[in-house]
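Worksheet: the structure to be examined is printed underneath.
So you know, we letter chains A, B, ... as the sequences are listed, proteins then strands, and number each from 1.
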Amino acid sequence: MAILEVEHIKKSFEHTEVLKDISFSLEEGQVLSIIGSSGSGKTTLLRCLNFLETPDEGVIRVRGEELLDAGKATTLTEKAIRKNRLHFGLVFQSFNLFPQYTAKENVMLARKLQAKELPDFKTRKKEIYEEIEKEAEKLLVQMGLSERMNNYPHQLSGGQCQRVAIARALAMKPDILCFDEPTSALDPELTGEVLKVIRELADQNTTMIIVTHEMAFARDVASQVIFMDDGRIAESGDPQEVFNHPKEERTKQFLARFNEG
Amino acid sequence: MDLFWEQFPIVVKALNVGFLQTLKLFFVTLLGALPLGLVISLGSMSSFKPLKYVVKFVIWIVRGTPLMIQLLIIYYFPGLVLHNPIWGGGESGRFLAASVAFIFNYACYFAEIYRGGIQSVPVGQEEAGLVLGMTKTQIFFKIKLLQMVKRIVPPMSNEIITLVKDTSLARIIALQEIIWAGQSFMKGSSGISGAIWPLFFTAVYYLISIGILTILLSKLEKKLDYFK
Ligand SMILES: Nc1ncnc2c1ncn2[C@@H]1O[C@H](COP(=O)(O)OP(=O)(O)OP(=O)(O)O)[C@@H](O)[C@H]1O
Ligand SMILES: [Mg+2]
């Protein structure tokens with residue numbers, strides 16, 4: 001069974017329809033990359049998955065569990081939305097690290113707050129916090145940041161910040177980790193280090209959705225690619241197929257522009 | 001010179017009394033205007049449009065007119081125009097009127113500073129918290145509040161230092177603060193008359209208090225320097 005099923009998602013802002021009937025599914029351990037020109041709705045789609053936007057129509061299912069059916073009249077409570085969100089992680093283009101916390105504190109913060117809801121929190125507080133700290137350190141080591149754990153975001157390079165942000169998202173153990181142009185805010189020489197850790201995550205079968213303008217990366221790392229155009233999925237399928245033998249005229253134009261540039 | 005040393009203790013004693021009133025006005029204003037400013041700033045950001053525009057209009061009036069005029073209006077208007085002298089005649093009435101004028105005036109300045117601080121936190125901070133499963137309350141207290149405070153402290157420090165000096169405006173309604181006390185020796189008080197140096201000497205009080213405040217506030221600012 002697919003880990004994620006998205007059916008007929010539609011979303012409008014005021015009078016512009018930004019997502020026009022988006023459906024796709026993703027298998028566990030697979031990587032989906034989403035490409036498409038600016039304004040085609042890629043960010044909006046990720047924001048819908050992370051419940052930062054509410055679709056006007058459509059269904060989102062994770063492991064068969066229906067998280068959202070926009071057609072149903074019932075509005076989700078804040079608590080339900082929070083629970084739904086935790087199925088997904090989101091890494092932002094601009095990192096959005098918390099500046100007043102060190103790298104490690106950034107990774108631990110949400111986990112620590114979450115731990116307070118545990119029934120045995122009061123009695124096991126110390127152990128729980130130690131566990132969270134150990135996991136945070138492990139993630140940061142995995143991101144190649146063992147020397148940077150106690151640095152504040154302003155003391156880190158963009159590439160390091162983005163790797164902290166990835167560790168922070170992973171700390172919540174999401175089923176599906178989403179990336180919104182994770183390297184677009186980085187200098188070219190820093191892009192590689194971030195792509196490398198994402199590639200490593202892919203090798204470990206982390207389920208991911210990656211919106212990116214790095215075409216070669218999208219082709220190599222993904223098991224499935226979606227080309228979005230004007231709020232629709234114009235073409236999708238195996239990356240080698242879509243990149244090397246695009247069927248749709250729009251896809252050809254889009255890829256041609258990239259190959260030139 | 002002998003005369004000066006004869007006058008000096010008398011003058012200092014009177015100036016101390018005046019300075020106490022100055023300090024009282026300063027602290028009462030802070031105590032009232034810091035919370036009231038927050039309320040006003042929330043009003044000025046309200047999504048309820050009529051409230052927002054009314055509050056913005058009031059802020060515009062208060063910040064667009066001299067505090068001295070506001071003091072005069074608040075003190076004299078009830079008695080002279082409405083024939084209802086709510087403040088009473090004595091020093092306590094003058095202090096009350098001055099407090100109201102100062103609190104309201106400063107609250108409007110503080111409101112703009114709060115608004116700047118609140119709006120300066122990028123939405124990305126809240127969104128990052130949300131996708132990590134945090135509640136809005138957790139996001140406010142654990143993420144946004146300190147970032148706001150950091151941005152509020154420097155402009156707030158400037159206003160607070162200005163407030164020290166602005167308290168002297170209360171002289172216009174004869175509040176017996178330090179300027180009033182210094183001036184009294186020109187006309188004659190405690191057997192001293194025609195002396196102008198006490199008025200000049202009040203400057204020492206201002207300089208010392210502003211010096212202390214500057215040190216304290218910049219310490220606070222430094223404390224928040226560890227992040228950007
Ligand atoms: N909150 C909003 N209110 C109104 N319009 C919005 C909002 N968010 C996005 N849009 C519009 O929706 C369209 C799609 O935006 P989106 O950010 O999803 O595109 P994108 O594919 O991520 O583009 P890019 O490659 O530039 O990041 C754009 O035309 C944008 O102006
Ligand atoms: Mg985008």
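Under the side-chain contact (heavy atoms from CB on, under 4.5 Å) criterion, A/A171 pairs with A/V107, A/R111, A/L139, sequence neighbours left out. In terms of the side-chain contact (heavy atoms from CB on, under 4.5 Å) criterion, residue partners of A/A202 (sequence neighbours excluded) are, by chain and number, A/V31, A/M208, A/V221.
Using modelled atom types and a 3.5 Å distance limit, the side chains of A/D180 and A/T43 yield a donor-acceptor pair. No side-chain donor-acceptor contact under 3.5 Å links A/Q155 and A/R148. If you check the side chains of A/E200 and A/Q142, you find no donor sitting under 3.5 Å from an acceptor.
With a threshold of 4.5 angstrom between heavy atoms, A/Q114 does not approach chain B through any atom at all. Neither the backbone nor the side chain of B/K150 comes within contact range of chain A; no heavy atom of the residue lies under 4.5 Å from a heavy atom of that chain. Using a 4.5 Å cut-off between heavy atoms, A/F88 touches chain B through its backbone atoms (N, CA, C, O) alone. For B/Q138, the part lying near chain A is the side chain, with the backbone staying farther off; criterion is any non-hydrogen pair under 4.5 Å. Looking at A/I81, there are no atoms closer than 4.5 Å to chain B (heavy atoms on both sides), in backbone or side chain. The contact between A/F98 and chain B is made by backbone and side chain atoms together, counting heavy-atom distances below 4.5 Å. Residue contact with chain B, scored on non-hydrogen atoms closer than 4.5 Å, involves the backbone and the side chain of A/L113 alike.
Across A/S94, A/A110, A/P99, the residue that shares the most heavy-atom pairs under 4.5 angstrom with chain B is A/P99. Ranked by heavy-atom pairs under 4.5 Å with chain B, the first of A/L52, A/N84, A/N50 is A/L52. Each of A/Q100, A/M172, A/K79 has some count of heavy-atom pairs under 4.5 Å with chain B, and the biggest count is that of A/Q100.
Ion pairing between a basic and an acidic side chain is recognised when a charged N comes within 4.0 Å of a carboxylate O; A/E137 and A/K134 show no such pairing. Salt bridge absent: A/K138 and A/E135 never bring a charged side-chain N and a carboxylate O closer than 4.0 Å.
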